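Here the structure is laid out as structure tokens; the discussion comes afterwards.
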Protein chains: 2
Amino acid sequence: MTDDPPLRADARHNRDKILAAAEDIFLERGAAVSMNEVARHAGVGIGTLYRRFPTREDLLAAAYSDRFAAFAEGMRLRAEEADPLSVLRTYLEELVRHTVVYRGFATSLGIVLKTGTAGCIATTAVGQRLLQTARDAGRVRADLGFDDLVCVATAISLTVEQGEGAPARIAHLVSVFMEGIAVRPPGPAAS
Amino acid sequence: MTDDPPLRADARHNRDKILAAAEDIFLERGAAVSMNEVARHAGVGIGTLYRRFPTREDLLAAAYSDRFAAFAEGMRLRAEEADPLSVLRTYLEELVRHTVVYRGFATSLGIVLKTGTAGCIATTAVGQRLLQTARDAGRVRADLGFDDLVCVATAISLTVEQGEGAPARIAHLVSVFMEGIAVRPPGPAAS
DNA sequence: TAGGTAAGTGGAGCAACTCTCCACTTACAG
DNA sequence: CTGTAAGTGGAGAGTTGCTCCACTTACCTA
């Protein structure tokens with residue numbers, strides 16, 4: 001969409017330093033770490049940081065871009081699988097798994113996905129496509145939107161973060177969302 | 001649990017002023033408003049506010065206590081109704097409805113419910129009881145805990161907040177979680 | 001009714017944060 | 001080599017959350 005003018009060599013170098021430092025420090029101290037600290041850790045001035053990444057979400061999105069791009073590509077390859085519900089479940093589980101990599105990232109997920117980073121665009125696009133496929137196959141309620149999926153991923157990430165044992169809990173909560181709370185009435189088992 | 005010593009008359013009066021101001025200002029500006037502003041609006045010093053409510057969650061919980069207490073009492077009266085699923089659905093809907101009263105409260109719901117306020121204790125207790133009843137009747141997944149319900153309520157509150165038209169959307173999302181995302185296999189319609 | 005005292009008060013002040021602005025520096029095209 | 005547009009860093013303004021403590025006051029006791 002926006003093809004920004006190419007960066008000068010020194011600027012590009014600083015950008016890389018910032019991203020490397022952000023990755024480090026977000027992993028270690030969570031996504032709410034102060035911008036000053038990121039700048040100091042990267043060895044650049046605070047002004048430089050803000051010039052390149054005007055908001056925290058921009059920085060988070062950039063730091064996540066590769067991760068999200070790889071995730072989206074992986075899901076794209078599975079998009080044509082036989083069972084669209086199972087692919088959708090995997091998508092949700094993975095999205096949460098990536099979200100909880102940085103502690104405190106969950107609350108920003110919705111905003112970050114809208115920043116327009118390559119990885120975020122790809123993640124959104126493939127998610128919408130998986131949902132559409134499942135909907136077309138009549139396997140998913142017609143009134144379910146992609147925003148609902150993001151909402152669910154956010155909530156699960158939030159609880160997983162502030163609770164203890166993670167991976168099993170993610171699968172469990174995704175399953176609650178997929179299968180519902182109520183027990184299915186015992187009918188003829190359809191495939 | 002903790003039966004704190006009774007407050008002096010002036011302290012009690014200030015506490016009431018703070019709660020009234022908090023209610024006002026949370027309604028108008030959301031749950032993230034600054035503590036300074038709450039104190040100013042209440043006409044007390046910031047020190048007084050912090051002495052009485054050491055954390056924002058404590059203040060939120062206190063401001064919500066009456067609301068939650070009334071809600072819990074209402075649900076308690078319906079606990080013996082014939083259909084435990086329908087009561088549980090109502091519980092979820094109401095919990096969300098109360099949560100979205102203050103914009104930005106959703107993310108704190110889990111923490112606030114654990115603060116030990118009378119209303120919060122009652123709300124938790126009645127929710128656990130409704131869930132237990134539904135579980136005993138085999139109408140709800142056996143692996144579903146109260147924390148999961150809170151997680152669901154958080155998720156719904158989050159999307160409702162940032163979306164538009166509210167009450168229908170709440171009912172819709174609650175239904176998504178109650179019945180699941182997947183379309184039911186077309187079988188003989190069980191009641 | 002007075003007086004001692006523990007409880008309560010308010011706000012100055014500190015530390016930490018976000019973000020802007022601009023005087024200086026530097027890469028690079030011509 | 002040089003002009004200049006792009007880039008830099010950090011001082012500083014404006015907000016917060018929260019503490020601390022010199023003062024004030026309600027309430028018990030005699």
Side-chain angles (χ1 to χ4, degrees), chain A residues 2-22 24-63 102-105 107-108 111-112 115 162, chain B residues 2-22 24-26 28-63 102-105 107-108 111-112 115:
Chain A
T2 58
D3 51 345
D4 5 54
L7 286 184
R8 233 169 62 176
D10 53 346
R12 158 126 249 128
H13 183 224
N14 274 339
R15 207 191 107 101
D16 292 345
K17 284 201 294 181
I18 291 172
L19 283 180
D24 265 14
I25 213 166
F26 283 152
L27 277 178
E28 188 189 341
R29 319 258 311 258
V33 88
S34 90
M35 298 298 258
N36 277 294
E37 199 149 357
V38 175
R40 191 170 356 113
H41 200 263
V44 305
I46 183 67
T48 302
L49 174 54
Y50 273 100
R51 158 176 278 254
R52 213 49 69 198
F53 305 100
T55 70
R56 175 184 302 277
E57 279 75 25
D58 290 325
L59 179 55
L60 282 168
Y102 296 163
R103 191 165 21 99
F105 179 69
T107 44
S108 309
I111 302 172
V112 166
T115 50
Q162 60 198 33
Chain B
T2 58
D3 50 345
D4 4 55
L7 285 185
R8 233 168 63 174
D10 53 346
R12 159 126 247 126
H13 182 223
N14 274 338
R15 207 190 107 102
D16 292 345
K17 284 201 294 181
I18 291 172
L19 283 180
D24 265 15
I25 212 165
F26 283 151
E28 188 189 341
R29 318 257 312 257
V33 87
S34 91
M35 297 300 257
N36 278 293
E37 200 150 356
V38 174
R40 191 168 358 111
H41 199 263
V44 304
I46 184 67
T48 302
L49 174 54
Y50 273 100
R51 157 176 278 253
R52 211 52 67 199
F53 304 102
T55 72
R56 175 184 301 277
E57 278 75 26
D58 290 326
L59 179 56
L60 283 169
Y102 297 163
R103 189 166 23 99
F105 179 71
T107 45
S108 310
I111 302 171
V112 166
T115 49

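The figures that follow rest on heavy atoms only: side chains count, while hydrogens, waters and symmetry mates do not. Reminder, nothing fancy here: chain letters follow the sequence lines and each chain counts from 1. Source: prediction; values computed, not measured.
In plain terms, the two heavy atoms of Ala61(B) and Thr115(B) that are nearest each other are CB-OG1, 3.1 Å. Shown here for Ala11(A) and Arg52(A), the closest heavy-atom pair between the two residues is CB-NH2, 3.7 Å. The two residues Ala62(A) and Leu19(A) have their closest heavy-atom pair at CB-CD2, 3.7 Å.
One interatomic measurement links the two molecules: CZ of Arg40(B) to C1' of dT15(D), which rounds to 12 Å at whole-angstrom precision. Separating the CZ atom of Arg52(B) from the C1' atom of dC18(D) is a distance of 16 Å, rounded to the nearest angstrom. The CG atom of Asp16(A) sits 12 Å away from the P atom of dT8(D) (whole-angstrom rounding). Atoms CG (Leu59(B)) and C1' (dC18(D)) sit 15 Å apart, rounded to a whole Å. The distance from atom NE2 of His13(B) to atom C1' of dG10(C) is 16 Å, rounded to the nearest whole Å.
Residue Arg12(A) is out of contact with every strand shown, counting any heavy-atom pair closer than 4.0 Å. Across all strands shown, Arg15(A) has no heavy atoms under 4.0 Å from either base or sugar-phosphate atoms.
OP1 or OP2 of dG10(C) lies within a sub-4.0 Å distance of a side-chain N or O belonging to Thr48(B). OP1 or OP2 of dT8(D) has at least one side-chain nitrogen or oxygen of Asn14(A) nearer than 4.0 Å.
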Checklist line | Stepwise side chain to side chain contact (heavy atoms under 4.5 Å, CB included) test for Asp58(A) and Val112(A) | finding: CA-CA 7 Å; Asp58(A) 290 325; Val112(A) 166; over 6 Å; no

Notebook entry, point to check: Nucleotide by nucleotide, 5' to 3', does protein get under 4.0 Å of the base (B), only the sugar-phosphate (S), or neither (-) in nucleotides 18-30 of chain C, counting heavy atoms?
Noted result: BBB-----BSS--

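Counting only heavy atoms from C-beta outward, the side chains of Leu60(B) and Arg56(B) approach each other to under 4.5 Å.
Residue Leu49(A) forms a side chain to side chain contact (heavy atoms under 4.5 Å, CB included) with just one option from Val38(A), Asn14(A), Asn36(A), and that option is Val38(A).
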